[in-house]
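We count ligands from 1, going down the list as the structure has it; atoms in each ligand are counted the same way. These numbers were taken from a predicted model, which means no experiment stands behind them.
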Amino acid sequence: MSAATPILALKAVSQTYRLARQSLFAPRPTLTVLDGIDFDVRAGEAVGLVGESGSGKTTLTRMLTGVERPRGGEVLFDGADVWAMDAPARAGFRRAVQMVLQNPRSSLDPRMRVGTSLLEPLRSLRIGGDHLARIHEVLDQVGLSRSALERFPHEFSGGQLQRIAIARALMPNPRVLIADEPVSALDVSIQAQVLNLLKDLVRDLGLGLVFIAHDLSVVAYTTSRVSVMSSGRIVEVGRPLDLFTAPRAEATQSLVGAVLRVETGLAGNALD
Ligand SMILES: Nc1ncnc2c1ncn2[C@@H]1O[C@H](COP(=O)(O)OP(=O)(O)OP(=O)(O)O)[C@@H](O)[C@H]1O
Ligand SMILES: [Mg+2]
């Protein structure tokens, strides 16, 4: 397999949800949440996904992780259809694709010591080997000390907790990390540290990263290629700088406009 083959790819993926009936005898309306999505990520590549709330970003991650089966199209892992795999191949896929969620305070169990939380993915995925050695290796990768293992989530700051959540996602030795708004719950002063950590992991471990955010400038800092979603479609794909300087789709223009309004507002404050 050539280096250019994506680790993960969506081909013409569509998804619809059936909604509640409006009245007793009315047909159930359907909502098209994903419509003909093509998307991929390669080893050592960070790709971004932006779009307004409700555009389908989180639904797209559910396709990439295989927790939900699309109504149409294909989900490919190393070129193989995820929904046609035998059990061992599917287990390999589940290990290889891991999520980092937005809010580590809700994604980590508050009653569990950090060490137990880190072991949990190895248990649930039935991964053998020297678990303690793996924990130490991953703590080094995310820049946490071993003393973290005995402590509980409430003893950590938001930025440290997000490092723990990233460590947990790294435990099964994945090839792709999917980060859905990983810094939007954090103070701006902490965000850059977590973004730099993700960038380092892509470079040092050759991970593929799918980075999702509302904020185009956060995605631009982290990724080399960005897809813009609107109403379940990818309406534009480009390098972050090109999207900033010459946005073509209306959805991209409004995301760029939002960034500029914030920056102008900040500049205005500085002059007061
Ligand atoms: N299980 C479901 N049943 C019905 N509708 C759903 C379901 N899950 C999501 N939706 C709808 O699908 C659309 C896309 O939702 P999704 O969560 O993927 O958007 P998003 O881009 O991640 O938004 P946000 O930026 O707010 O996180 C929304 O209109 C949402 O209400
Ligand atoms: Mg979402």
Participant: Purely on distance, is any nitrogen or oxygen of Gly56 under 3.5 Å from one on ligand 1?
Facilitator: yes
Participant: In the protein, which heavy atom is nearest to atom 5 (N) of ligand 1, and how far is it?
Facilitator: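 For this ligand atom, the closest protein heavy atom is Tyr17 CD1, 3.5 Å.
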Participant: So, Arg71 and Ser14: side-chain donor and acceptor under 3.5 Å apart, yes or no?
Facilitator: no
Participant: What residue and atom, counting heavy atoms only, is the protein's closest point to atom 26 (O) of ligand 1, and at what distance?
Facilitator: Ser53 OG, 2.4 Å
Participant: Does any N, O or S atom of Thr61, backbone or side chain, fall under 2.8 Å from the Mg ion (ligand 2)?
Facilitator: no
Participant: Heavy-atom contact check, 4.0 Å cutoff: does Ser55 meet ligand 1?
Facilitator: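 Judged by the 4.0 Å heavy-atom criterion, Ser55 does count as contacting ligand 1.
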Participant: I'd like to check atom 30 (C) of ligand 1 in this structure: does the protein have a heavy atom lying under 4.0 Å from it?
Facilitator: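 Under the 4.0 Å cut-off, atom 30 (C) of ligand 1 has no protein heavy-atom neighbours at all.
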Participant: Between Thr58 and Thr61, which heavy-atom pair has the shortest distance, and what is it?
Facilitator: O-OG1, 2.6 Å
Participant: Considering only the protein, which heavy-atom contact is closest to atom 12 (O) of ligand 1, and what is its distance?
Facilitator: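 Going by distance alone, atom 12 (O) of ligand 1 is nearest to Val33 CG1, 3.3 Å.
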Participant: Among protein heavy atoms, which lies nearest atom 11 (C) of ligand 1, and at what distance?
Facilitator: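 Result: Leu31 CD2, 3.9 Å.
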Participant: Looking only at heavy atoms, what is the nearest atom pair of Met229 and Ala251, with distance?
Facilitator: O-CB, 4.5 Å
Participant: Looking at atom 18 (O) of ligand 1, would you say a protein heavy atom lies below 4.0 Å from it?
Facilitator: yes
Participant: Going by the atom numbers of ligand 1, which of them fall below 4.0 Å from some non-hydrogen atom of His214?
Facilitator: 25 (O)
Participant: Would you indicate which of Gly54, Gly232, Ser184 comes nearest to atom 20 (P) of ligand 1 when only heavy atoms are counted?
Facilitator: Gly54
Participant: Under 3.5 Å between some N or O of ligand 1 and some N or O of Lys57?
Facilitator: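 N/O-N/O distance under 3.5 Å: yes.
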Participant: Do the charged groups of Arg123 and Glu120 touch, with an N to O distance under 4.0 Å?
Facilitator: no
Participant: Suppose I only count heavy atoms of Thr58 and a 4.0 Å limit; which atoms of ligand 1 are within that range?
Facilitator: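 Per the distance check, 17 (O), 18 (O), 20 (P), 22 (O), 27 (O).
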Participant: Indicate whether any N or O donor in one side chain lies under 3.5 Å from an N or O acceptor in the other, for Gln102 and Ser184.
Facilitator: yes
Participant: Regarding Asp38 and Arg233, does a basic nitrogen lie under 4.0 Å from an acidic carboxylate oxygen?
Facilitator: no
Participant: Quick check with a 6.0 Å cut-off and a 45 degree axis cone: is Arg111 positioned over the face of Phe152's six-membered ring?
Facilitator: no
Participant: Would Lys11 and Phe39 count as a cation-pi pair here, with the cationic atom under 6.0 angstrom from the ring centre and within 45° of the axis?
Facilitator: no
Participant: Checking Ser217 against Asp215: is there a side-chain donor and acceptor pair closer than 3.5 Å?
Facilitator: yes
Participant: For ligand 1, which part of Thr59 has a heavy atom less than 4.0 Å away: the side chain, the backbone, both, or neither?
Facilitator: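 Near ligand 1, Thr59 shows its backbone as well as its side chain.
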